[in-house]
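Only heavy atoms go into these numbers, but all of them, side chains included; no hydrogens, no water, no symmetry mates.
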Amino acid sequence: MHEFKLPDMSCGHCRAAVTEAVKEVDEHAAVNVDLAQKTVTVESGLSRERLAGVLSEAGYPPAS
């Protein structure tokens, strides 16, 4: 499981965009978005680096 801090995430649209972006590359991924904490946890077979790239491409680059 990978957890990312996404400081640009702020609303329901953000939640949907993040979830959709991950599901496009791994339809079986489990995605849990916490808007209050601005975090997303992803359970996937993809590497952390690949997931970070997907999130960045969707407009939500993870904080370092």
Side-chain angles (χ1 to χ4, degrees):
M1 184 168 324
H2 305 286
E3 182 173 282
F4 300 94
K5 180 81 168 169
L6 305 180
D8 296 334
M9 192 171 59
S10 62
C11 66
H13 173 267
C14 298
R15 177 195 314 263
V18 165
T19 301
E20 182 178 324
V22 172
K23 293 283 193 174
E24 281 182 10
V25 295
D26 182 357
E27 66 183 19
H28 301 294
V31 182
N32 184 18
V33 177
D34 184 335
L35 284 176
Q37 297 297 316
K38 296 184 182 271
T39 61
V40 61
T41 54
V42 181
E43 190 169 338
S44 170
L46 297 176
S47 70
R48 180 174 184 80
E49 294 76 19
R50 177 71 175 115
L51 291 169
V54 166
L55 294 168
S56 293
E57 288 171 19
Y60 301 94
S64 303

Under 3.5 Å, which donor-acceptor pairs link side chains of residues 7-24 to any protein atom two or more places apart or in another chain?
unit_1: R15; atom_1: NH1; unit_2: V33; atom_2: O; d: 3.2
unit_1: T19; atom_1: OG1; unit_2: R15; atom_2: O; d: 2.9
unit_1: K23; atom_1: NZ; unit_2: A29; atom_2: O; d: 2.6

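- The nearest pair of heavy atoms linking D26 to S44 is OD2-OG, 2.5 Å.
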Donor-acceptor list for residues 48-58 side chains, cut-off 3.5 Å, not counting sequence neighbours:
unit_1: R48; atom_1: NH1; unit_2: E3; atom_2: O; d: 3.1
unit_1: R48; atom_1: NH2; unit_2: E3; atom_2: O; d: 2.9
unit_1: S56; atom_1: OG; unit_2: A52; atom_2: O; d: 3.0

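- Contacts of D34 classified as side chain to side chain contact (heavy atoms under 4.5 Å, CB included), with partners at least two apart in sequence or in another chain: A36, Q37, T39.
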